[in-house]
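Down below is the structure, laid out as structure tokens.
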Amino acid sequence: MSGPVEHTSPKEACGVFGIFAPGRSVAPIVFDGLYALQHRGQESAGMAVSDGSTLMVVKDMGLVTQVFNDYKVAGLVGHLAIGHTRYSTTGSSSWHNAQPMYRQAGGTEFAVGHNGNLTNTDDLAILMGMLPGMATSDSDLIAELIARELDRSAAEPPSATVPPSPTVPSSPTVPSSPTVPSSPTAPPAPGALVKALVEVLPRMRGAFSLVLSDRSQLVGVRDPNGFRPLCLGKLDEGWVLASESPALDITGAHFVRELEPGEVLVINADGCRSFRPWPAERVQPTLCLFEFVYLARPDSRLYGQELHGARVRMGELLAEQAPVAADIVVGVPDSGMPAAEGYSRRSGIPYGHALVKNRYIGRTFINPDPRQRALGVRRKLNPLKEAIAGRRLIVVDDSIVRGTTTRAMVAMLREAGAREIHLRISSPPYRWPCFYGLDTGARTELVAADLEVGEICDYIGADSLAYLSLDALKKATGVPGAGFCDACLTGNYPVPVSSHLSKTVLEQPLPARTGAGR
Ligand code: SF4
């Protein structure tokens with residue numbers, strides 16, 4: 001519990017964007033799309049743009065606005081592109097691990113952007129005989145897998161057909177667009193990249209929403225669990241793929257549908273067609289429940305629900321489950337505010353403001369100096385003293401991960417004169433680490449891993465603490481039976497994880513990668 005104070009909620013893990021729009025110069029559109037997805041990752045940004053004959057990649061460390069200026073965007077000419085914003089979950093935060101990843105192999109050049117986290121990264125690396133450092137992130141490994149398949153396939157005599165894909169039933173909760181085939185089909189005209197994907201994707205385990213492009217086509221992939229979101233939009237002249245629907249809105253694209261778990265969507269001059277390379281038994285929708293709680297933007301739509309409304313409902317149910325007498329309900333900016341609104345509405349206690357967030361905080365960092373680290377919460381939040389002094393506060397937040405930020409915030413509210421502080425959390429205790437695309441640290445860093453709610457309350461210094469139940473959280477989504485991952489709340493991991501999986505698994509020496517537990 002002596003960790004950095006900057007984390008109040010689980011950290012995001014990448015946004016992806018793709019566009020195919022013949023006749024348009026798409027780099028400025030990719031910039032806008034990535035800007036709308038900036039909340040999903042602030043470490044690096046990049047895009048790969050094709051004009052049909054060359055695929056050019058620009059990527060760098062920093063925010064979208066730091067990596068791209070008008071000059072750089074103007075230099076990226078083409079009608080086909082993918083883009084990426086990164087927060088690292090496997091692989092360190094470095095330029096090499098910035099995305100899109102690029103490879104040229106077997107006469108095909110391609111780029112790939114990845115949101116999620118593979119769970120069999122080390123097994124794949126060992127199977128491929130890769131030495132430490134040959135691929136430094138799971139996304140790099142995906143690119144390498146595809147590249148090797150392209151090389152292998154190019155060395156073979158030409159084959160007439162691609163094997164037909166197994167069939168899976170369509171998800172009842174994600175309606176398909178009548179204009180975009182999504183029923184089980186064989187892969188479309190077998191370009192080399194698509195053929196390679198048919199071979200490679202079934203070997204991958206874990207969470208991966210991908211955008212890929214070669215010189216002439218855009219491909220979207222959602223893993224068979226659909227851990228991370230990916231949606232399709234329609235422009236007059238073409239198609240857009242994005243992690244979240246607000247990135248469609250900003251580009252003027254109309255939302256068509258979410259890609260289904262286990263779906264591969266290929267977009268090119270012949271149109272837009274999907275296929276499924278996984279057997280039906282591998283497809284089991286388990287969208288990350290924390291996309292609803294915190295990760296995705298409130299104006300995003302998932303499983304057909306706008307998330308702001310779902311978060312307000314979480315607060316309403318929290319008020320029913322954990323009432324307490326108080327003078328004012330406040331939300332921790334920004335992610336606790338919709339649930340605070342719901343709590344206030346259902347309890348009848350006035351909604352107010354007690355904390356002001358510095359909106360220019362940008363990317364946070366872990367300062368090695370503990371005195372500077374202690375300033376972390378004050379860099380981000382400052383109390384409104386007149387609104388707080390002498391009052392009984394209900395403070396609503398979306399989650400508590402390490403607890404250090406929450407503890408510092410409670411101390412700050414007490415200093416500002418709060419008479420009572422009742423903390424209400426719009427999700428259950430976060431007890432288990434995420435291996436599907438969030439950086440939550442090890443289990444030992446999670447405050448709820450071994451402590452009961454009363455003990456957490458004592459540690460945080462609040463007068464009372466209560467969490468929303470899992471059933472109520474799922475009910476608040478509006479689609480309780482739709483299929484969710486709740487592993488960080490229950491320890492029930494829908495895809496097995498290896499005990500030694502860590503962020504730097506590919507950068508460790510080989511003995512550590514093949515060590516105990518295997
Ligand atoms: Fe989301 Fe938690 Fe599952 Fe990770 S473990 S995908 S944060 S629900």
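Below, all heavy atoms of this structure are taken into account, side chains as well, without hydrogens, waters or symmetry copies. As the structure lists them, so they are numbered: ligands from 1, and atoms in each ligand from 1.
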Self-check item: Audit row: Ile19, Trp239, side-chain contact (heavy atoms from CB on, under 4.5 Å) steps and yes/no
Solution: CA-CA 6 Å; Ile19 181 166; Trp239 302 93; over 6 Å; no
Self-check item: Whether over 12 other heavy atoms sit under 6.0 Å from Lys474 NZ
Solution: yes
Quiz prompt | Enumerated ligand 1 atoms positioned under 4.0 Å from heavy atoms of Leu289 | solution = 8 (S)
Self-check item: ligand 1 versus Tyr430: contacting region, heavy-atom distance under 4.0 Å
Solution: side chain
Exercise. Find all atoms of ligand 1 within a distance of less than 4.0 Å from any non-hydrogen atom belonging to Ala487, and give their numbers and elements.
Key: 5 (S)
Quiz item: So, Cys488 and atom 2 (Fe) of ligand 1: N/O/S under 2.8 Å, yes or no?
Solution: yes
Exercise. Please assess Met409 against Val395 for the test side-chain contact (heavy atoms from CB on, under 4.5 Å), listing each intermediate value before the final yes or no.
Key: CA-CA 10 Å; Met409 179 191 69; Val395 181; 4.0 Å; yes
Self-check item: Pairing of Glu260 and Arg276 as salt bridge, 4.0 angstrom limit
Solution: yes
Practice problem: Taking only heavy atoms of Cys288 into account, list the atoms of ligand 1 that are under 4.0 Å away from them. | Solution: 1 (Fe), 6 (S), 7 (S), 8 (S)
Practice problem: Tell me, please, if Cys485 has any N/O/S atom, main chain or side chain, under 2.8 Å from atom 4 (Fe) of ligand 1? | Solution: no
Practice problem: Kindly indicate, with the supporting measurements, whether the criterion side-chain contact (heavy atoms from CB on, under 4.5 Å) is fulfilled by Glu263 and Ser274. | Solution: CA-CA 7 Å; Glu263 180 177 2; Ser274 65; 3.0 Å; yes
Practice problem: Could you tell me if the ring centre of Phe290 sits under 6.0 Å from that of Tyr430? | Solution: yes
Quiz item: Is it true that Arg228 lies under 4.0 Å from ligand 1, counting heavy atoms only?
Solution: yes
Quiz item: If you count the atoms of ligand 1 from 1 in the order shown, which ones are under 4.0 Å from a heavy atom of Leu438?
Solution: 7 (S)
